[in-house]
Amino acid sequence: MNYWLMKSEPEAFSIEALQAMPAQTEHWDGVRNYQARNMMRDDMRVGDLVFFYHSNCPEPGIVGIMQVVREGYPDFTAFDPQSKYFDPKSDPAKPRWIMVDIKFVRTLKRLISLSELKQYDELQGMQLLRKGNRLSITPVTEEQWEFILSRE
DNA sequence: GCCAACGTTGGC
DNA sequence: GCCAACGTTGGC
């Protein structure tokens with residue numbers, strides 16, 4: 001069982017939007033970074049728990065929890081010229097990009113902001129907090145996961 | 001294979 | 001809107 005953190009701009013896709021989906025489940029499309037793709041492809045398993053992080057918004061931070069319900073499969077938005085995630089170099093016969101399906105578990109009782117996360121010694125070394133980190137998917141250790149939930 | 005130019009992310 | 005950090009592209 002692994003733990004993760006996945007970022008989304010709430011204007012594009014928020015935890016409220018996930019909660020409103022049929023079966024409260026959605027595919028996590030549009031990841032166009034190889035490191036993040038490799039994590040989805042190689043390491044993410046059904047049952048893994050994921051923090052939902054709102055990025056690029058007035059108060060960035062962790063807003064809820066979701067769960068992986070389908071393991072990596074081709075990101076079909078890469079094949080759709082109408083999609084903003086279209087990638088002409090992704091060949092349907094040899095897909096370049098991968099997505100997983102994610103199900104809403106719950107919102108946190110309160111938002112745990114990025115600025116708060118940065119203040120905890122216990123979270124030193126958390127990949128999200130590394131200088132210059134731009135990865136939209138990062139692993140979270142069990143210790144970090146438990147600690148963050150204990151601050152809720 | 002190097003690296004300059006360019007594009008994107010995302011906090012502030 | 002700014003800009004630091006970083007990834008990708010493409011000429012050589």
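Letters A, B, ... mirror the listed sequences (proteins, then strands); counts begin at 1.
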Q: Could I get the full list of side chain to side chain contact (heavy atoms under 4.5 Å, CB included) partners for A:A20, not counting sequence neighbours?
A: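 Partners of A:A20 under the side chain to side chain contact (heavy atoms under 4.5 Å, CB included) test: none.
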Q) By side chain to side chain contact (heavy atoms under 4.5 Å, CB included), which residues pair with A:V46, not counting sequence neighbours? A)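 Result, side chain to side chain contact (heavy atoms under 4.5 Å, CB included) vs A:V46: A:E71.
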Q: Check ring pair (Phe, Tyr, Trp, His ring centres under 6.0 Å) between A:Y73 and all other residues, then give those that pass, not counting sequence neighbours.
A: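 A:Y73 satisfies ring pair (Phe, Tyr, Trp, His ring centres under 6.0 Å) with no residue once adjacent residues are dropped.
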Q.
Run the ring pair (Phe, Tyr, Trp, His ring centres under 6.0 Å) test against A:W145 and tell me which residues pass, sequence neighbours left out.
A.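 Applying ring pair (Phe, Tyr, Trp, His ring centres under 6.0 Å) to A:W145 gives A:Y3, A:F51.
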**Q.** Heavy-atom contact window of chain A on DNA chain B, given 5' to 3' at under 4.0 Å
**A.**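 Both ends considered, the range comes out as B:dG7 to B:dC12.
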Q) Does any donor atom in the side chain of A:R134 or A:S55 lie under 3.5 Å from an acceptor atom in the other side chain? A)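 Note: A:R134 and A:S55 side chains miss the donor-acceptor criterion.
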Q. Can you check whether A:D48's main-chain N or O pairs, donor with acceptor, with A:N2's side chain at less than 3.5 Å?
A.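 Between the backbone of A:D48 and the side chain of A:N2 there is no qualifying donor-acceptor contact (under 3.5 Å).
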Q: Just call it for A:Q35: base, sugar-phosphate, or nothing, with non-hydrogen atoms closer than 4.0 Å on any strand.
A: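 Sugar-phosphate only.
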(Q) For the helix from B:dG1-C:dC12 to B:dC12-C:dG1, what angle separates the axis at the start from the axis at the finish, each from five pairs, in steps of 10°? (A)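 End-to-end axis angle: 10°.
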Q: Report yes or no: do A:L108 and A:F13 belong to one cluster of Ile/Leu/Val/Met/Phe/Trp/Tyr joined by side chain heavy-atom distances under 4.5 Å?
A: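 Each belongs to a different hydrophobic cluster.
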Q | side-chain hydrogen bond (donor to acceptor under 3.5 Å, both in side chains) partner of A:W97, chosen from A:N33, A:D75, A:D87 | A |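 Passing option: A:D87.
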Q: Using heavy atoms to find the nearest nucleotide of DNA chain C for A:N133 and A:N56 separately, return the residue whose nucleotide is more 5′.
A: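 Result of the comparison: A:N56.
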